[in-house]
Amino acid sequence: MKSQKAHKTSSKVQSKSGAVKSRGVDRALGLLPKKLVLQMLDLMVRSRALEERLIKVYRTGDAYFWIGGPGEEAFGVPLGLLIDKGQGPQHDYLHLHYRATPTLIAMGMPMIDSLRLIMNRATDPSTGGRNFANHYCIPKWNVVPVGSPIEVQYGMAVGTAHVQRRHKMRKDKAGVSIVTGGDAGTAEGDFASCLIWSSRPGSELPIYITVQNNKWGISTAFSGQHGEKHIADRGKAFGMRTNVVNGNDPIESYFAISQDLEYIRKNCKPVLTEFLVSRLYGHSSASGANREEGDCPIELFEKRLVDSKYIAPGFVKELFQSYDNESREAADTVRREPVPTGDSVWDHVYLGSENADWRKF
Amino acid sequence: MANMAQAIRMALHYGEKNLQVMDIFGEDVGAPMGGVFTATQGLETAWNSPLDERGIISTALGIGLAGERCVAEIQFCDYIFNTIDLLKIGGNTLWCSNGQYNMPIVVMTPVGAGIRGSIYHSHSFDAWATRLPGWKVVMPSTPLDAYGLLISAIKDPNPVLFLKPKALLRVRGDELIPGEPTDEKELKTMIDAPIGDRTSWNPKWPKVEEFAIPIGQGKIVREGTDLTIVSYGRTLPLCAKSAEQMASSSGASVEVIDLRSLYPYDWAMIRDSVRKTGRVLFVNEDTEVTNFGEHLAYRVTQELFYELHARPQVLAGKNLPGIGLHPHLEEASVPHLEDIVREAESVLREIP
């Protein structure tokens, strides 16, 4: 992040891991409590173990489709830790895309709930077996339903932010509407709508517009489709605070998100921040879900922490193994859980009405 | 008596005062215009949005997700088509979330021909609307029904599409809205914005009362025994007039049903009427291929086949890409009084 305190150190050296070093010391690490640094590592590994389990579940035929966010842990985990978690406009709303497992793991989502979703069980707390992997819905944390249409969440975030602005104007407690999405989707008009509607003069919204730029839209490279240097630059035209952040660095991401949210909460104005992230398993199972080239934020972070003697070599491997075991046991449990029944298709078409099926009008 | 635009305005006023409506918004919905048909003049919570239909529907969805009630307007339904995927989301949010998030929003939009509106101010939307599962769809043909249906739409915890027959928005009703002054000039003075500078104008709202027409409930506007005509919106008064004309010209006894709600619809009313008459004609002005009337005709055929004396018929707009501006073009495209009479008489003549 351009304005980040950690980058103002003298005689700084950018290491291969992305860390800022001064005379061999990773000073950025020291800006956060060690406990928090290690917590972020723990959650990143936990999220990765879960995502890789989801892919295995797909490969073994226990799921029809996988799509997810391995490679976005260094952005998603800090975001999850910084959210004002709760239900209603007084807390933050989350308009997430389908690569948000790291955020939800950081918020405390049990692994088993993600497996229930991908294995379309009746016990799936998000959709009851109705939607794809990573299409979460958790009302108690204001996680509104994740959809498959690209970028519509940016427009809907305007609506929740509008309500939060009203609360704030009344001096009531109000949260921020946080929206996440990919770089390719920013070509959709809904992204432009979000920029325009969130910066109407005199009606600016408390909205955190984030883009996770992994430089791909399925198989189409960002570089061949977008002439703008940074997606975040588009916010400048609206007088918006903008940032470009190394989303593979959890420390840099933590500070960026923390400062952005503080600014929005204080000023009731939008921020657009672009996080440069990796896409480590392709778009989805439709493209094989195989490990691809790219910087792994966990490996980068592990190296920094080993170099700085926060952890011993081999620590992450053991940690991953324990979470992998937990995820396997969760998958075994879910496999035995009930699936939705066909006659439940008419449930929840309308609230408070039995007239969903026209044959019964 | 109030016209339909005034009735809508009074229902919205009732909504913002009594039903927790906090946002009535869309293009030119707020001051100074108050809507291109004046249906939102003088309302406290009305505001102008950017000229962005997708933004309007998206914002309404977000407000609904936050549990608040809003009424969003698309200025003409001709411009709602680029929001179809968002309307799908509005209709499937409750279902996709397995009952966890409902969507208590109203989207209203003027529909249909009849004002020499040319290609992009004459589209219909009822056939499209009824292909959006999860939405309720209503369309009034009188000011009182507009008032009662809009109040029900606002109160409903589900998304409701309120289709405004634009050619009827200036037409006065013959029934008073509860609380409406009996003198229409007095009402005009109270709630119509003056021409010119409106900066210091404030409406004086009559003490309108709650009057909710249940969604899904049709209305028999004329009783008859020989033929049932089912319609809604702009073609409804044409159907009533055609029934009157046939009664005086040939003595035919035609029952006319104003469906009012397209989804859910009042099947019991249609069924009982068709059982009585044995003949049915469905009339609307949307294009005729994959028309909502076809679904109703299909259902009549399936459930009442052996009680019919004639094939169920659908009279709808021609399957054309648009409505042309010249009156000859418009008249050749959507059902008119003569078309309805001709079609009704052909159903009446049919011998099983």
Side-chain angles (χ1 to χ4, degrees), chain A residues 87-89 93 95 122 124-131 135 137-140 142 144-149 152-164 166-167 177 188-190 192-194 196-197 200 203 340 344-353 355-361, chain B residues 22-23 25 47-50 52-68 70 72 82-83 85-86 88-89 91-105 130 133-136 156-159 215-216 263-268 270-271 295 299 302-303:
Chain A
Q87 188 165 16
Y93 277 102
H95 299 261
D124 156 30
S126 287
T127 78
R130 293 177 171 190
N131 214 339
H135 286 56
C137 168
I138 309 174
K140 67 178 179 180
N142 277 347
V144 305
V146 174
S148 301
V152 293
Q153 70 274 23
Y154 285 84
M156 290 192 278
V158 167
T160 54
H162 173 79
V163 171
Q164 289 169 314
R166 175 161 43 230
H167 278 244
S177 288
E188 301 275 7
D190 297 317
S193 291
C194 184
I196 291 167
W197 286 67
R200 296 165 63 227
S203 301
S344 70
V345 292
W346 294 106
D347 294 347
H348 313 305
V349 177
Y350 293 106
L351 184 68
S353 170
N355 285 340
D357 184 356
W358 59 270
R359 295 165 191 83
K360 295 176 182 170
F361 284 176
Chain B
M22 296 193 198
D23 293 287
F25 68 104
W47 52 278
N48 291 324
S49 75
D52 175 16
E53 288 81 13
R54 289 188 66 80
I56 292 167
I57 300 298
S58 301
T59 299
L61 295 174
I63 292 171
L65 286 169
E68 296 199 354
C70 67
N82 68 338
T83 73
D85 63 320
L86 297 169
K88 287 290 290 181
I89 291 170
N92 71 26
T93 295
L94 182 71
W95 196 87
C96 291
S97 66
N98 207 21
Q100 298 184 88
Y101 272 104
N102 65 310
M103 189 56 73
I105 65 171
T130 52
W135 283 84
K136 295 184 178 181
D156 205 287
N158 299 287
I215 294 176
Y263 213 91
Y265 57 85
D266 196 340
W267 171 245
I270 298 171
R271 181 194 58 210
H295 165 72
R299 188 165 184 187
Q302 292 299 311
E303 297 191 23

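Reckoned from all heavy atoms, side chains included, excluding hydrogens, waters and symmetry mates. Here is how names work: the chains are called A, B, and so on, in the same order as the sequence lines, proteins then strands, and each is numbered from 1. Note that the structure is predicted; figures quoted are calculated from it, not measured.
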Which atoms of B:Ile57 approach chain A - backbone, side chain, both or neither, heavy atom under 4.5 Å | neither
Verify side chain to side chain donor-acceptor pair (under 3.5 Å) between A:His135 and A:Thr127, making sure each step is shown before the conclusion.
-> CA-CA 8 Å; A:His135 286 56; A:Thr127 78; over 6 Å; no
Counting only heavy atoms closer than 4.5 Å, note whether A:Phe361 contacts chain B via side chain, backbone, both or neither.
-> both
List the atom of B:Pro157, the atom of B:Asn102, and the distance in Å for their closest heavy-atom pair.
-> O-ND2, 2.9 Å
Return yes if some donor-acceptor pair links the side-chain N/O of B:Gln100 with the main-chain N/O of A:Pro125 below 3.5 Å, else return no.
-> yes
At a heavy-atom separation under 4.5 Å, does B:Glu68 approach chain A through its side chain, its backbone, both, or neither?
-> side chain
What part of A:Pro340 is in contact with chain B, defined as an atom under 4.5 angstrom from a non-hydrogen atom: side chain, backbone, both or neither?
-> neither
What do you reckon, are the aromatic ring centroids of B:Tyr265 and B:His295 less than 6.0 Å apart?
-> yes
Does any heavy atom of chain A fall under 4.5 Å from the side chain of B:Met22, the backbone, both, or neither of them?
-> both
Per-residue contact mode, B:Ile56 against chain A (heavy atom under 4.5 angstrom) | both
Note: vs chain B, highest number of non-hydrogen pairs under 4.5 angstrom among A:Ile196, A:Asp190, A:Val345 is A:Asp190
Answer key: most heavy-atom pairs under 4.5 Å with chain A among B:Arg299, B:Arg54, B:Glu303 is B:Arg299
Grab the two heavy atoms, one from B:Asn82 and one from B:Asp85, that are nearest each other, plus how far apart they are.
-> O-OD1, 4.1 Å
Contact origin within A:Ser126 toward chain B - heavy atom pairs under 4.5 Å | backbone
Residue from A:Pro149, A:Gly129, A:Gly128, A:Ser177 scoring the most non-hydrogen pairs under 4.5 Å with chain B is A:Gly128
What one should report as the nearest heavy-atom pair of A:Asp124 and A:Arg130 is OD2-N, 4.4 Å
With chain A, which of B:Trp47, B:Trp135, B:Tyr101, B:Trp267 has the greatest number of heavy-atom pairs at distances under 4.5 Å?
-> B:Tyr101
Looking at B:Gly62, B:Gly91, B:Gly64, which one has more heavy-atom pairs under 4.5 Å with chain A than the rest?
-> B:Gly62
Out of curiosity, B:Glu53 CD to B:Ser49 OG, how far, rounded to the nearest 0.5 Å?
-> 8.5 Å
Between side-chain atoms of residues 152-159 of chain A and protein atoms elsewhere (two or more places apart, or another chain), which donor-acceptor pairs fall under 3.5 Å?
| unit_1 | atom_1 | unit_2 | atom_2 | d |
| --- | --- | --- | --- | --- |
| A:Gln153 | OE1 | A:Glu151 | N | 3.2 |
| A:Gln153 | NE2 | A:Thr180 | O | 2.9 |
| A:Tyr154 | OH | A:Gly181 | N | 3.0 |
| A:Tyr154 | OH | A:Thr210 | O | 2.6 |

With sequence neighbours left out, write down each residue that passes salt bridge (Lys or Arg N to Asp or Glu O under 4.0 Å) with B:Asp156, or none if nothing qualifies.
-> B:Lys136
Part of B:Leu86 within contact of chain A (heavy atom distance under 4.5 Å) | side chain
